[in-house]
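A short write-up of the structure that comes next.
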Amino acid sequence: MIRVGVTGAAGRMGRTVIETAGDREDVTVVFAVDATDEETVAGTPVHEPDDIGALLATHEPDAIVDFSVPKATVAFAEACAAAGVPLVTGTTGFEDDQLDALEGASEDVAVLKAANFARGIQALLSTVHAAAEALPGYDVELTETHHNGKQDAPSGTANTLLDALAEERDFEETYGREGMQPREAGEVGVHVRRAGDVRGEHELMFAGNDEVVTLTHRAEDRGVFAAGAIDAAVWIAGRDPGFYTFGDVIEG
Ligand code: NAD
């Protein structure tokens with residue numbers, strides 16, 4: 001059984017991680033951290049972010065599981081690097097300098113960052129490569145939908161899908177269209193919807209040659225992300241320093 005600390009614990013995802021961990025036998029949550037007034041989350045006491053160094057030293061967890069905000073994730077990564085505790089983060093929306101800071105921390109400790117901990121997204125990524133290779137010249141459009149509380153747009157997963165496509169072809173992204181804006185050759189339209197409590201939907205459309213292929217993933221419960229993040233924590237415990245992805249976990 002591995003011992004984890006959860007940061008961003010009072011959020012939609014952090015709470016789900018604690019609840020999911022409670023149902024598993026391979027992990028136990030030893031502390032929770034959040035910038036919230038809530039004193040407990042799912043029965044676990046919540047500590048302030050400034051306490052992270054002392055918590056890492058006292059509890060010596062095998063890993064941290066983080067779903068918070070980019071600035072906080074960077075601070076947690078630096079604390080983990082100093083304490084020698086691996087970090088798994090699902091936070092999205094990092095600026096380039098924040099990504100540099102995470103990579104800097106990964107020189108001292110194992111850091112795993114994934115925009116999406118659903119296993120189906122890993123399968124989708126492989127399919128994107130296959131479709132782009134088999135359908136050269138087809139127009140591609142990407143649409144993603146998330147709940148109305150999501151901060152960053154487009155989603156980290158949308159950017160990961162675009163990165164996968166960019167390995168197969170050159171294109172320019174166009175974010176939404178308005179007014180007289182016909183489609184340019186070689187562009188990929190990116191469309192973002194925010195509504196209700198949608199957990200996360202991504203659709204990549206390939207259209208051409210009088211046919212349409214759509215690759216779609218829909219997360220139906222936040223538990224799918226929590227389970228993947230906990231699997232990543234189990235995988236990263238005891239790993240050498242380095243910057244890892246969820247694909248590394250799936251490949252074993
Ligand atoms: P949320 O807003 O519900 O939760 C974020 C939590 O972080 C809040 O409780 C907030 O109080 C806390 N927080 C803010 N500043 C903090 C600080 N300085 N220290 C500690 N905690 C702090 O958001 P959410 O829906 O839980 O999502 C969190 C992140 O995870 C987002 O970036 C989201 O895009 C991402 N996400 C990733 C995946 C994935 O599979 N990788 C899945 C869902 C969401």
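Whatever order the structure lists ligands and atoms in, that order sets their numbers, starting from 1.
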**Study point:** Sidechain N-carboxylate O distance under 4.0 Å for Asp231, Arg24
**Key:** yes

Revision key, fill the gap. Test side-chain contact (heavy atoms from CB on, under 4.5 Å), reference Val17, set Asp66, Val88, Val4, Val6, output is Val6

Check your understanding: Name the residues in contact with ligand 1, where contact means a heavy atom under 4.0 Å away: which are they?
Key -> Gly8, Ala10, Gly11, Arg12, Met13, Asp34, Ala35, Pro49, Phe67, Ser68, Val69, Ala72, Phe76, Gly90, Thr91, Thr92, Ala114, Ala115, Asn116, Phe117, Lys150, Asp152, Phe225

Revision key, fill the gap. Taken in chain and number order and not counting sequence neighbours, the residues that satisfy side-chain hydrogen bond (donor to acceptor under 3.5 Å, both in side chains) with Asp197 are Arg199, Arg222

Point to revise | Contacts of Asp108 that satisfy side-chain hydrogen bond (donor to acceptor under 3.5 Å, both in side chains) - sequence neighbours left out | key: none

Point to revise | All salt bridge (Lys or Arg N to Asp or Glu O under 4.0 Å) counterparts of Arg194, not counting sequence neighbours | key: Glu144

Check your understanding: Any side-chain donor paired with an acceptor under 3.5 Å for His146 and Ser155?
Key -> no

